[in-house]
Every structure is written in structure tokens, then in C-alpha cells.
Asker: 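Here's a structure for you.
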2 protein chains.
Amino acid sequence: MVTIYDIAKKASVSPMTVSRVINNSGNIRVATREKVEKAIKELGYVPNSAARSLTSNQTKTLGLILTDISNPFFSKIARGAEDAAVETGYRVLMSNTDEDSEKEINYIDMMLSARVDGVLIAPTSDKTLDQIKRLRQHNIPVVLIDRTIEGFVGDYVLGDSYEGSRKLVEHLIEYGHRNIALINGPSNVSTARERQRGYLETLKLNDLPVHENYISEIDFKSVQAGNTKSIVDQLIQLNEKKRPTAIFAANNFIAISVMKALKELGLHVPNDISVVCFDEVEPVVYFDPFFTVAAQPAAELGKVGVKFLIERVEQKNVDQERKIILPPDIHIRKSTRKIE
Amino acid sequence: MVTIYDIAKKASVSPMTVSRVINNSGNIRVATREKVEKAIKELGYVPNSAARSLTSNQTKTLGLILTDISNPFFSKIARGAEDAAVETGYRVLMSNTDEDSEKEINYIDMMLSARVDGVLIAPTSDKTLDQIKRLRQHNIPVVLIDRTIEGFVGDYVLGDSYEGSRKLVEHLIEYGHRNIALINGPSNVSTARERQRGYLETLKLNDLPVHENYISEIDFKSVQAGNTKSIVDQLIQLNEKKRPTAIFAANNFIAISVMKALKELGLHVPNDISVVCFDEVEPVVYFDPFFTVAAQPAAELGKVGVKFLIERVEQKNVDQERKIILPPDIHIRKSTRKIE
DNA sequence: TAATTTTATGTTACCGGTAACCGAAAGCGC
DNA sequence: GCGCTTTCGGTTACCGGTAACATAAAATTA
């Protein structure tokens, strides 16, 4: 591997001079600079970040901890985050926790040993707080993305689950629906809690009753419709009066598994039942917009998250926490129908 | 930041002993080991990879250079790759070239300065060969994924574009289609070339003519249906005899933009025209399988790619190049229709 | 018990950069 | 031409680990 010493020898200067040329620091005569630059080019020298980071105490690397990059919502966050990072000269280490706190701990270890300058994380649960503390003990700034957790004090960038939820349910009510079921994600995830809160409050404000078995909870990523079918089945089995005319799926994956279950049960959307959900169901939306959704600005979440993180890393605006909550876009499409 | 020296002081041993405990190397008395481990735990010490890599000459980090991680096909590759990497104790630096060789060069620089142990790359074009050479000059193994390029000698892991293409076109022919248009990706990408080759050969084998204007070329990621509409329009304008009854879109994005264009032109799929494409159109496929596709095992591509890469990094099986070509799965669904 | 081997730990130097300090050369005024 | 300032470049030490060598302590043998 070519080092600064090889360049120094070739250009017959000291390594320090080479370092100065590379970093544009100190005073260097033009002739010397050219000599050095020529040697660098000829030997194809590229500085060793590891060596640099040893003295500078920064790695120009950020950790991105998401649940699953192959989930379109998160892959967009990742894309936005990566774009913002390179733009500012940072690299991104990626990881997938699958909502598993064991994995999460391992990734935190990885980020720690990699001495990343900061971490952008969608926490798996409130337990993540311990891991965040661990990062902070090592002076690594953390910004939360997509979700908050109990007891967290610091910057975060979220979609507005509560507001999106309110609007989706209001839309359903406007369309004449009075029996609206919620198939939620796990309640240890803040977005699920917020969506439920929005759902309940909207019903309340409209004097609509909440039936016991209208709310159920499944995995946020269960595309395979494991227990979704039995949940949907139970909803359908309810007597005429109570049977929901609309289902609010807490995210796109749940919506898909709901659609699958409905189909298997021989029900048509939206003729027999309406469906709304959070997050865009891509990419079909481009040619056949079907789902009525609350679309979150995922790439923007990633971008803003990294922006905040880098500001923390570089100690700008350290004064107070920033909590950004980006509103979703409501798209009313073909999965919902006016009734009565 | 806690260092090995802090631990050494706390445990009143030498730094070297701490290093030995951490790496389980050499002989350490149980009592000493426990002393050191206690100190490590108490101070929350995590080894500094940068310092380590300086002597070991390896970073345990791989570079993943894809065109766009928010494209579901690539996000699955990324997921598979990351999974295989962590499993073997490697980290992954991610990047998005957007098919732009300028960006690609910058990322190569980044990988070089990060001293990644290896690079898994979906090259933007034949020009990428220069960058691969650059990596190799620095002894960094490279494995290609999804695409090859002219003049590349080394390992690669691809989907079988030729075979998938053949099967898709054969399916159309079986369904009675004789006029089949191809809307391809850019011909500087090997997958596009291979898909065209499969298309042409299948037509030839079936004694079907290729009309001049049956083949067109657009961006692999043009969801926005920029010029797709004019291309589709031209195809439709052809006289009765020549007008295609089926369109072969070279990937899912193109398929979507074709669908959009057809819809805008008032044509129904598959009643008026059939459509097939490469890559699954997710996630709607789970509840409403619509597209007839050649689905590539994207996650598998990533996994195998990283496996090969790590073997190169760790100098196993260095004897010869391995070229893995994974067959796609053909799914015949509702976007194609029997005619005549 | 002394000599020898084995085990356990310490010392030194180096990986590839850079900060801090220092000295030589060049520019400047008189 | 002499002293002084500025410019330019070199030396040294250190960042946090570890390989290689050295040595002390314990175990084994004679």
C-alpha cells in the first residue's frame, strides 16, 4: 500500500510536507507542491482514513441503523440519508435490525468499534435507550428517525403518525364509515402508538364507538399474512351491526397482508370493504394508484436526520434538541368507497 | 475515549496483556484475565478498529456500490449482501451511483481511503473497468454483481438475463404473439445487452421477423415515463400488421412506465396488449399478482456476491474466477393474454 | 535444590498519518 | 552586508493498537 512516506521519498521531501500538500495546510512553495502532487498521481496514493482518524479522532463515518433496508420505506430513508451524508463528506455504514434488540446491540457494538462520528437509528423498542446511553458515553451523537422511545432526550425526525392517522380516519368517516377497525403494528413502536392514538381520538371526536375487538396488533412487516387472515376473519364474522366497513392498516405491509386475507375470504376492496394505510404502496402507484394512504416523506426523513446528526457531530446548534415531525401526504384513491 | 492504556492502568497490567485478553491470544492467567475483563466492563471499553487496522492491514469493511438502494431490486441485493457480511464479521459501506460514472469514481475514492477489504459493485458502464483496475492496484478484491463489463476478468454473480429473456419471449410466442416489441435499458449495461440477445435469438428460432422500430432504449429507472410515452405511442401507431401485440419491458421500472403510458393512451393490459418484464413488481404481487415476470433472486445475488468477495479477501479459492449466473423464476400472471 | 523448560507478562518498535515545535532559507529594511 | 521577520520544510512524538522480542515467574526435571 502506498503511504505518505513513499510519496515523500519519491518527491524527496519529508512526509510532513506531503501531509501539508494533501491537506492544504501551512505554506508550501509552488514548486514543492507540484513535485509532491506529481508523485501522488504517479503512485496513485490515497490517504489512509484509519491512520488519519487516529489523530483527528473522527472517522467521517456515520452509522445507519434501520430495521430492514429491503423495506421500501426504509430503503428510501437510507437513500436520503446517504445522499445527505456524501454531500457533506461522510460515509455511511448500514445495518438491519429486523426489529430485534439483540441484533441491535451487536450493531451498536459494531458502530462503537468503528468509531462512527454519529448514529442515525430507528430504535427497535424502549430498550434501545440503554444502547443510546452507551453511544453517548462514548460521545457519539445519536438522532432518532421514524420513531421515538420512552425517556429519550435529543434530536429526532419523525413522520406525523398521529396527524396522518387522524386524517385517514376522518376521510373514512366522511365517506360514511362508522365501523372502522385498526390493524396496528406492535405497540412497543412509537409510530404504532401514535397511529392508535390518532385513530381513537378521531373516533371519539366523531362520537363513534370503539368496539373491543376492533383493534389488533401484528408485526409491521408481516407480508406473509400469517395471523392477518384470522384477524380479518374475526372482524368479518362480527354481526351485521358491528362488522367493520373499513380497515385501517397501520402500514403498507400490513395493508398488503390485509388485502391478501380479504381476497382469500372472497371480499372485494372497496366494494365490500374499504382499506386505508400508512406509507405508499410502491411502485404500482405510478400507473395504477389504488391505495388510499398517508404517504410519509421517507427520503426527506433520512436527509433531515443526517443533517441534524452532522450538525451535532460538528457541534453546531448544540444548544437544544430539535424535534422535527414531517406531515404525511394523504392520497385518496381507489381502496376507499363512499357508503350509505 | 477509553483506550487499552486506561484498561491497563486500571487492571495494573501492561497494555499488551490487555490486547492479549481481548484477542484471546497468548497465555494469560485466569486471575489476570478476570482483572482485565472487569476493567473493560467497568470502563465500557470497545477496541478502536482504526488503530487495529493500522497494524493488521485489514478493516473488516466491505464496499457496496449499487446504482440506487431505493430501487427494490438493489435494496434486496443490499440486504442479502449485508446479511452475509455481518455473519462473517464484516461491516458494509453503502453507496448509490445513479448509473453515473462520475459519482462512481468518487465512491471508489471513498472506498480506497476507507481501505475497505473488498468491493462488491454493479458497474455503471464499461468505463468502470478503469476504476476496478485502480482498486486492484491497491490489492482490493472486486466482485461484480448484476452486471459484467467488457474486459473484466474476475468473479461475478449475475441473474441470467439471456435465459430469462428467452423464456419470457417464448411464453409470449406460445400465447400466439408474433409482434413483440422490446423496450430495453441502456445498451452499455450488460443486462440490457443480454436481454436483447435473448429476445432476438428467440424471435429468430421461431422464424419471427424483427421490425426496425421494435427495439428502443431508455433509462432503467425512468419511472416518470418521460419518453416512454412517445416510444409506446410510436409502436401503437404502426399499421395493423406491424403493431405489436406484446411489449417486453427490460425491467420493472420500465414496465411501470410502459403501463402508465398505455393507460394514458387508453389501452388495457392484457386485453389490448400484453406486457412482460424482468424483476418482480413488488409488493403488490403478494395480494394481486399482475405482471408476468422473470423474477431474479436479488437477495441471493447479494449473498453469493459477498460470500465470493470475502473468500477473495481471505484468500480462499484464489485459484480461478467464479462466474455464477442465477436463473430467474418465470411467473406467468395477468399481464399476458393468449391471442388469436 | 539447582538447572531447565514452560508459562505469563512486559518492552520496544511500528502501522500511517498529523500537531507541535524547531531550524534553515529567503525576503526585507537600513 | 547585517540583523530581523517571514516563509518553508524538517524532526519528534503521539494517536491506539499489535508483532516480535525479552524477561520474570512458575512448573518441571534432574
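Chain naming here is simple, since letters A, B, ... match the order of the sequence lines and numbering starts at 1 in each.
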Asker: Side chains of R79(B) and D83(B): does their closest heavy-atom pair fall under 4.5 Å?
Answerer: yes
Asker: Tell me what V13(B) touches on the nucleic acid: a base, only sugar-phosphate, or nothing, going by heavy atoms under 4.0 Å.
Answerer: sugar-phosphate
Asker: Using side chain to side chain donor-acceptor pair (under 3.5 Å), reason through S70(B) and D68(B) one step at a time and then give a plain yes or no.
Answerer: CA-CA 5 Å; S70(B) 70; D68(B) 179 10; 2.9 Å; yes
Asker: Of V304(A), L144(A), T148(A), I325(A), which meets side chain to side chain contact (heavy atoms under 4.5 Å, CB included) against V157(A)?
Answerer: V304(A)
Asker: With a 4.0 Å cutoff (strictly under), does any side-chain N or O of S56(A) reach OP1 or OP2 of dT18(C)?
Answerer: no
Asker: Under 6.0 Å from the NZ atom of K9(B), do we count more than 12 heavy atoms belonging to anything else shown?
Answerer: no
Asker: When you measure from the side chain of T88(A) to the backbone N and O of A84(A), does any donor-acceptor pair fall under 3.5 Å?
Answerer: yes
Asker: Other residues, nucleotides and ligands only: do more than 12 of their heavy atoms fall within 6.0 Å of NZ on K323(A)?
Answerer: yes
Asker: With a 4.0 Å cut-off, would you call E37(A) and K41(A) a salt bridge?
Answerer: no
Asker: Based on the rotation axes of five pairs at each end, what angle does the helix from dT1(C)-dA30(D) to dC30(C)-dG1(D) bend through, to 10°?
Answerer: 40°
Asker: Within the supplied structure, the quantity of interest is the number of heavy atoms (other residues, nucleotides, ligands) at a distance under 6.0 Å from E314(B) CD; does it exceed 12?
Answerer: yes
Asker: Between T128(A) (side chain) and T124(A) (backbone), is there a donor-acceptor pair under 3.5 Å?
Answerer: yes
Asker: Can you tell me how far P of dT11(C) sits from CZ of R20(B), to the nearest Å?
Answerer: 11 Å
Asker: Can a side chain N or O of S14(A) be found less than 4.0 Å away from OP1 or OP2 on dG9(D)?
Answerer: no
Asker: Counting C-beta onward and ignoring hydrogens, is there a side-chain heavy-atom pair between F73(A) and D146(A) closer than 4.5 Å?
Answerer: yes
Asker: Can you give me the N/O atom pairs linking the protein to nucleotides 12-16 of chain D at distances under 3.5 Å, or say none if there are none?
Answerer:
residue	atom	partner	partner atom	Å
dG16(D)	N2	A51(B)	O	3.3

Asker: Under 4.0 Å, heavy atom to any atom of DNA chain C: which of residues 21-40 of chain A qualify?
Answerer: N23(A)
